[in-house]
Amino acid sequence: MRDFGAKRHTAALGSAGVLVTATLIAGAVTAPSASASAGDRHGGDREARGVAVAAARAAKTGIDWRDCPADWGLEKPIQCGWVAVPLDYAKPYGKQIRLAVDRIGNTGSKEERQGALVYNPGGPGGSGLRFPRRVTTESPVWARTAKAYDFVGFDPRGVGKSAPISCMDPQEFVKAPKPDPVPGSEADKLAQRKLAREYAEGCYERSGAMLPHMTTPNTARDLDVIRAALGEKKLNFLGVSYGTYLGAVYGTLFPGHVRRMVVDSVVNPSREKIWYQANLDQNIAFEGRWKDWQDWVAKNDATFHLGTTRDAVQAKWLRLRATAEKNPIGGVVGPAELISFFQGAPYYDSSWVPVATVMSKYFAGDTQALVDAAAPDLSDTAGNAASENGNAVYTAVECTDAKWPTSWQKWDRDNTRLHKDYPFLTWANAWLNLPCATWPVKQQTPLDVRTGKGLPPVLIVQAERDAATPYGGAVALHQRFKGSRLITEKDAGSHGVTGLVNPCVNDRVDSYLLTGKLDTADVTCAPHATPKP
């Protein structure tokens, strides 16, 4: 589905920002012994040497910080710059690409400063450049950490300002209505398979030189070069959603380069999950969180008038869906666009009120509110290009990171079975990921994520009912990273916990980043406040 952290998409499916991920990974390899060479640890001797060369070069060059370009939307005192990295780490003196980075200095004294905190919001395909704005917009949750750290964001390879890739014309990408993701016939499935195959071919035609190098291990290597360019001996890192997998891979490749690491809303790093199975797991978790939202809407029937039970709210959803299938609302909002919009509710609690309000208005006779919320804005060329780019990166990274099933029978069987009990997202997610079945470049074997020599304790934060990255992912990473601590937000399911107001979580994240101290045992926190209509 997507967003392993950060986005919204509209592919054949029109997915929203989830991340659905999945992958069938083939041929699990035995874990290397403790005496594994640096080459084994770093994913290959040539890449290990290449990243050392690139990091040494970046440390020498540094970053030429300047005011950000006016059209980047990043106000002073945020500064922007570039870091050059090899496209292929096996050829460190070969083609280079430039990564966009930005920063804002720590708000405390020189004595309080502890270095840079580098951020990745997920995706794959999310831009981290807005991270320093948490300081300029005075986000109270991050005020204490901002005293000690420069906040540093970056566009990962292929994203935004960093050698962006593309798979199709952005205006075509956002056009609506798209086909209903839930197939009514074999002909519908055949049409979606054709779209997925054409999308994969488009990625190769438009971005073929980049595709073999669009992997999580390469982005982790880029992160190490950015660390060096910042003049930091060790990395302080905050990763959300897919950013947690990036952190897990970085911690495996460069355990001795980590100072502090917070991972929030965790992708299951098991090689058997990356990425096909992770996406199937997502469908199940989304259904659960969709029901949580419906229960809340029913409790607030006095405001929304959509029914006093979950079943009544679901009946309204099915009615809306059937209407949009027969005649797209406003000519542009069909079932795919509905899922793209409504999936915000199971994703983030901050979407509960807006999504329920739009649905309530629709049933009160105001269809325009739904069209405004769910239809693409064809005049927003910059936004549409960003959406298309985000989807291209999501696809490229997940499809190249791991081996996916090539048998349509397997996809059909797995998704037909899941759709019976978990219909909200299953088929939409399948079509989003199906380009990986006919991916035109070699698919890699995921890294064996584990604790390496010198890895300090990592802080893991997870909501118990997260839909995009189900809870089992946090448990799996906790088991792999020895000495890590897990904070569970019980009975909560918002994706991305560290940005919400919950002192039980916030105080511990601050304490870890400021002092390095963790609780002596894992912690369970009560949920943050439920949205009020």
Side-chain angles (χ1 to χ4, degrees), residues 1 3 7-18 171 173-182 184 286-287 289-384 386-387 423-425 427-428 467 493-495 529-533:
M1 196 176 81
D3 200 357
K7 12 187 84 133
R8 288 224 191 283
H9 42 314
T10 25
L13 122 115
S15 116
V18 182
Q171 294 299 93
F173 176 75
V174 300
K175 267 212 312 230
K178 300 200 173 347
D180 185 346
V182 178
F286 255 85
E287 199 71 32
R289 196 59 182 157
W290 173 243
K291 288 173 178 171
D292 291 349
W293 175 73
Q294 291 179 321
D295 289 339
W296 174 85
V297 172
K299 257 188 213 140
N300 290 286
D301 184 61
T303 302
F304 301 118
H305 314 295
L306 292 168
T308 56
T309 64
R310 178 199 297 169
D311 287 349
V313 179
Q314 174 70 0
K316 284 274 206 308
W317 160 250
L318 293 175
R319 226 173 92 196
L320 172 57
R321 208 189 172 291
T323 302
E325 185 186 4
K326 201 168 169 189
N327 283 306
I329 296 152
V332 283
V333 178
E337 290 70 33
L338 287 178
I339 290 174
S340 207
F341 172 64
F342 275 84
Q343 95 181 355
Y347 237 100
Y348 306 108
D349 292 7
S350 58
S351 294
W352 280 19
V353 174
V355 172
T357 301
V358 166
M359 189 176 184
S360 176
K361 284 182 174 177
Y362 172 82
F363 281 104
D366 177 3
T367 58
Q368 193 56 43
L370 180 60
V371 172
D372 292 344
D377 176 3
L378 294 176
S379 68
D380 180 13
T381 50
N384 295 339
S387 294
F424 177 72
L425 198 69
W427 277 113
S494 206
H495 186 59
T530 305
K532 298 264 187 297

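Basis for what follows: all heavy atoms, side chains included, without hydrogens, waters or symmetry-related copies.
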For a quick test of reading the model, state the closest non-hydrogen atom pair linking [X] to [Y] and the distance between them.
X      : Y      : result
Ala324 : Val333 : CB-O, 3.5 Å
Ala345 : Trp352 : O-NE1, 2.8 Å
Pro177 : Gly331 : CD-O, 3.4 Å
Gly334 : Pro328 : N-CB, 4.2 Å
Ala467 : Pro346 : CB-O, 3.8 Å
Arg321 : Pro181 : NH2-CD, 4.4 Å

Give a yes or no answer on whether the side chain of [X] reaches the backbone of [Y] with a donor-acceptor pair at less than 3.5 Å.
X      : Y      : answer
Asp366 : Ala369 : yes
Asp349 : Gly493 : no
Gln171 : Leu378 : yes
Ser387 : Gly383 : yes

Measure the shortest side-chain to side-chain distance between [X] and [Y] over non-hydrogen atoms and say whether it is less than 4.5 angstrom.
X      : Y      : result
Leu370 : Leu320 : yes
Phe341 : Val358 : yes
Ser494 : Ser350 : no
Lys175 : Pro376 : no
Val371 : Gln368 : yes
Trp296 : Val353 : yes
Val182 : Pro335 : no

Supply the atom-to-atom distance [X] [atom1] to [Y] [atom2], rounded to the nearest 0.5 angstrom.
X      : Y      : atom1 : atom2 : result
Asp295 : Asp311 : CG    : CG    : 9.5 Å
Thr367 : Asp372 : OG1   : CG    : 9.0 Å
Asp180 : Lys178 : CG    : NZ    : 13.5 Å
Met359 : Trp293 : CE    : CH2   : 5.0 Å
Leu338 : Glu325 : CG    : CD    : 10.5 Å
Thr309 : Asp301 : OG1   : CG    : 9.0 Å

Given the rule in the side chain to side chain contact (heavy atoms under 4.5 Å, CB included) test, do Val297 and Gln294 qualify, once you have shown the distances and angles that lead to the verdict? CA-CA 5 Å; Val297 172; Gln294 291 179 321; 5.5 Å; no

Given Phe342, which partner from the list Tyr362, Phe424, Phe286, Trp317 fulfils the ring-ring contact (aromatic ring centres under 6.0 Å, His included) test? Trp317

